[in-house]
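Here the structure comes first, spelled out in structure tokens, and everything after it is commentary.
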Amino acid sequence: MMPFEMLNQMIGSLDQKEAVRLLLQNMLGVDLDNPFENVKKVLCIQPHPDDCELAIGGILAKLFLEGKEIVYLTLTDGAMGTRDLSISPKELAEIRKKEQEKAAKVIGVKKLIWFDYKDTELPYSLEVRNRIISVIREEKPDIVLAPDPWLPYEAHPDHKNAGLLALEAVFFAPFPYINKDDLEKGLTPHEVPLVGLYYTARPNYIEDVTDVFDIKLKALREHRSQFESNWHQWELFIRAVGMFYGKKIGVMYGEGIKVLPKLLLHVTPFAEVI
């Protein structure tokens, strides 16, 4: 089918989602049914230590087993994540960093980058965006994973800001005059073909993680300051979320992400459709 015929089908079709996906695959070579097929390096951006594993620990474990390289970028120090007044925020931040290092080893992640902004106060700012751009240019990932900033009813500002900043950084990373100081550091512009938004209510890709779900749980149990005191409740919740996604594709446990080609991150009304 010629591109203009696919375009006509997309506009007039009752199944607009399928038409757009065909258009992307035929014109851009983007296969949303296999978004990780040509990926060699993944940058997973998380607002706090534990978010990558909590959201998509199964996907990340499978990617590692397939030989993909995974880098974590953690934006805040996690220092507010306790109800225990006997531990100071500074102490907790140190504990959470060590816990994240252990959990990352379970998944297979060897490189962790820390920004250490104050937990609950991640600024939505040019400074943070430019720092993420620098990481993208240094690491040169094939896909960036981050929280969906439009998750309905999400109350945590760090999650919303992390998602927006990650998307903006992906969009602007190819432009050399943006964050121009990178050039003096030898960091060249980089085009990230795809982004994947986790913690999403609108997944367009769901991975069967049934076989690696125990790895996800093992990694999360390394975050003892967050989960140990009420692990049974957390495990029930984690399994419920996995089953929520899994049921959509007929498996026991799944993890869902909203995959978007970088091209659709600007002035594209049908990005919501795919």
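Counting heavy atoms from C-beta outward, L265 and L167 have side chains that approach closer than 4.5 Å. Residues P147 and H156 have side chains not in contact (no heavy-atom distance under 4.5 Å, counting atoms from C-beta outward). L63 is listed as a side-chain neighbour of V42, based on a closest heavy-atom distance under 4.5 Å. In this structure, Y124 and E168 have side chains that are in contact, with non-hydrogen atoms separated by less than 4.5 Å. With a 4.5 Å cut-off on side-chain heavy atoms, E154 and W150 do not count as touching. P261 places a side-chain heavy atom less than 4.5 Å from the side chain of I274. Counting only heavy atoms from C-beta outward, the side chains of L217 and W231 approach each other to under 4.5 Å. L263 places none of its side-chain heavy atoms less than 4.5 Å from the side chain of T268.
The shortest heavy-atom contact between P35 and L194 is O-CD1, 3.5 Å. The heavy-atom pair separating Q100 from L112 by the smallest distance is CG-CD2, 3.6 Å. Contact record, K262 with V192: CB-O, 3.1 Å, taken as the closest heavy-atom pair. Looking at every heavy atom in both residues, G256 comes nearest to I206 through CA-CG1, 4.1 Å. Residue A61 comes nearest to I215 through the heavy atom pair CB-CG2, 3.9 Å, listed as atom of the first residue, atom of the second, then distance. Counting all heavy atoms, side chain and backbone alike, A103 lies closest to A219 at CB-O, 3.3 Å.
At a threshold of 4.0 Å, the pair R239-E235 counts as salt-bridged, since one of the basic side-chain nitrogens sits closer than that to a carboxylate oxygen. A salt bridge links R137 to D182: one of the charged nitrogens lies within less than 4.0 Å of a carboxylate oxygen. Between E222 and K105, no side-chain nitrogen of the basic residue sits less than 4.0 Å from a carboxylate oxygen of the acidic one, so the salt-bridge criterion is not met. D50 and R96 are joined by a salt bridge, as a carboxylate oxygen and a charged side-chain nitrogen come within less than 4.0 angstrom of each other. By the 4.0 Å N-to-carboxylate-O rule, K97 lies close enough to D116 to be salt-bridged with it.
Remark: the backbone N or O of P123 is not paired with any side-chain donor or acceptor of N161 at under 3.5 angstrom. Listed for the D148 side chain is no donor-acceptor partner under 3.5 Å among the backbone atoms of T200. Within the 3.5 Å criterion, the main-chain N or O of P141 finds a donor-acceptor partner in the side chain of H190. Put simply, the side chain of K140 gets close to the backbone of T188: a donor and an acceptor are under 3.5 Å apart. Looking only at distances, a side-chain donor or acceptor of D77 sits under 3.5 Å from a matching main-chain atom of D119. When atom types are taken as modelled, the side chain of S134 and the backbone of I132 share no donor-acceptor pair closer than 3.5 angstrom. At distances below 3.5 Å, not a single donor-acceptor pair connects side-chain atoms of E255 with backbone N or O atoms of Y245. Under a 3.5 Å cut-off, the side chain of K68 and the backbone N or O of V39 do form a donor-acceptor pair. In this structure, N130 contributes its side chain and N179 its backbone to no donor-acceptor pair below 3.5 Å.
L183 is not connected to V135 by any chain of hydrophobic side-chain contacts under 4.5 Å among Ile, Leu, Val, Met, Phe, Trp and Tyr, and they are in different clusters. Criterion: ILVMFWY side-chain heavy atoms under 4.5 Å apart, direct or through other members. Under it, Y205 and F244 are part of a common hydrophobic cluster. In the hydrophobic clustering of this structure, F172 groups with L164; members are Ile, Leu, Val, Met, Phe, Trp, Tyr whose side-chain heavy atoms approach within less than 4.5 Å, directly or through other members. Hydrophobic clustering places F36 together with I107 (ILVMFWY residues linked when any side-chain heavy atoms are closer than 4.5 Å, directly or through intermediates). Hydrophobic clustering of Ile, Leu, Val, Met, Phe, Trp and Tyr side chains at less than 4.5 Å, counting indirect connections, keeps L187 apart from I45.
Note that CG of L32 is 5.5 Å distant from CG of N204, once rounded to the nearest 0.5 Å. Distance check, rounded to the nearest 0.5 Å: CD of E69 to CG of L43 gives 10.5 Å. Between the CG atom in L264 and the CD atom in E272 there is a gap of 12.0 Å [rounded to 0.5 Å]. Atom-to-atom distance recorded for H159:NE2 and L75:CG is 10.0 Å, nearest 0.5 angstrom.
Other residues, nucleotides and ligands contribute only 12 or fewer heavy atoms inside 6.0 Å of the NZ atom of K102. Sparse packing is recorded around CD of Q233, with 12 or fewer heavy atoms of other residues, nucleotides or ligands lying under 6.0 Å away. No more than 12 heavy atoms of other residues, nucleotides or ligands sit less than 6.0 Å from atom CZ of F237.
Defined by atom type and a distance below 3.5 Å, a donor-acceptor pair is present between the side-chain atoms of Y72 and E53. For S86 and D84, the side-chain atoms include at least one donor-acceptor pair closer than 3.5 Å. One side chain, D51 or Y199, offers a donor N or O that lies under 3.5 Å from an acceptor on the other. The closest side-chain donor-acceptor pair between Q226 and H48, if any, does not fall under 3.5 angstrom.
Ring pair H266/F171 is tilted by interplanar angle, where 30° to 60° counts as tilted.
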| task | Report the C-alpha distance between E138 and I113 in whole Å, list the side-chain angles of each, state the deciding distance to 0.1 Å, and finish with yes or no for side chain to side chain contact (heavy atoms under 4.5 Å, CB included). | result | CA-CA 12 Å; E138 181 173 5; I113 302 168; 6.0 Å; no
| message | side chain to side chain contact (heavy atoms under 4.5 Å, CB included), that's the test. Do S225 and L92 meet it? Break it down for me. | response | CA-CA 8 Å; S225 67; L92 181 60; 3.9 Å; yes
| task | For side chain to side chain contact (heavy atoms under 4.5 Å, CB included), just list the numbers for Y117 and R131, CA-CA rounded to whole Å, side-chain angles, deciding distance to a tenth of an Å, and then say yes or no. | result | CA-CA 12 Å; Y117 289 100; R131 290 184 70 186; 3.2 Å; yes
